[in-house]
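Accompanying notes for the structure given below.
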Amino acid sequence: MLAGRDLELVVAHTHGHGDHVGGDDQFDTVVGKSAEAVAEYFGITAWPEQIVEFDLGDRVLDIIAIPGHHPSHVAYYDRSTRLLLTGDSLYAGRLYVFDWPAFRASVARLHGFVAAGNPVDLVLGTHIEMTREPGVDFGLGSDVHPGEHVLELDPAVLTELADVMAAAGETPHRIVRDHFIVFPLSPAGEPL
Ligand SMILES: [Zn+2]
């Protein structure tokens with residue numbers, strides 16, 4: 001609680017992978033890590049199609065379910081800043097796709113949400129694995145990133161992702177673009 005303001009702290013994630021939830025023990029109230037828990041907390045009764053609002057108090061977020069990288073994955077749209085938080089589903093790096101059909105549907109849903117009159121100034125993901133050289137990523141497990149791509153992405157990159165995933169068909173395959181690499185994995189985490 002903030003001094004003088006009766007505000008509840010909500011700790012929510014884009015998804016439940018360990019590198020995103022490792023600090024949860026520090027908080028009393030955390031939105032769960034499964035799709036069911038996320039849907040229940042935000043009041044999503046038709047997961048993943050239903051897009052819901054979450055009112056912080058004079059500031060509304062839209063919650064868009066986008067499974068594919070992880071079953072519980074959501075994106076957050078902040079109307080006041082026009083930021084779209086895309087977690088591990090869109091960032092300047094390898095977009096690890098565990099569920100290809102779900103990811104294709106999710107990208108289409110997210111792009112449709114933006115195109116329906118929700119303007120985005122910047123897309124912010126949660127990792128950087130691309131260099132500043134178009135289409136060139138750092139090696140897996142690199143612990144230094146000289147010449148790293150910036151974090152923020154132009155919203156046109158979401159349109160680009162939607163276009164390539166719509167055209168990609170049903171067979172998972174790697175897609176290298178200037179600002180991201182679609183990188184399908186088996187359920188066991190092996191590159192396809
Ligand atoms: Zn992840």
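Whatever order the structure lists them in is the order used to number ligands and atoms, beginning at 1.
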* Asked: Counting backbone and side-chain atoms alike, does H15 have an N/O/S atom under 2.8 Å from the Zn ion (ligand 1)?
  ->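 Within the cut-off used here (under 2.8 Å), H15 does place an N, O or S atom near the Zn ion (ligand 1).
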#### Entry: H70 near the Zn ion (ligand 1): N/O/S under 2.8 Å
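Given the 2.8 Å cut-off, H70 does not count as a ligand of the Zn ion (ligand 1).
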Does CD belonging to E40 count more than 12 external heavy atoms closer than 6.0 Å?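 No, because the 6.0 Å sphere around CD of E40 holds 12 heavy atoms or fewer from other groups.
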Would you give the angle at the Zn ion (ligand 1) between H69 atom NE2 and D88 atom OD2, to the nearest 10°?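 Taking the Zn ion (ligand 1) as the apex, I get 90° for this pair.
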Which atoms form the tightest heavy-atom contact between F180 and Y91, and what is the distance?
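The pair with the smallest heavy-atom distance is CB-O, 3.7 Å.
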TODO: Would you please classify the geometry between the H20 ring and the H15 ring as parallel, tilted or perpendicular, with 30° and 60° separating the classes?
DONE: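 It falls in the tilted class, 30° to 60°.
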Q. Parallel, tilted or perpendicular for W100 and H173, by the 30°/60° rule?
A.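 Answer is tilted, since the angle falls between 30° and 60°.
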key: Proximal heteroatom of H17 relative to the Zn ion (ligand 1) (N/O/S)   =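 Nearest N/O/S atom: ND1.
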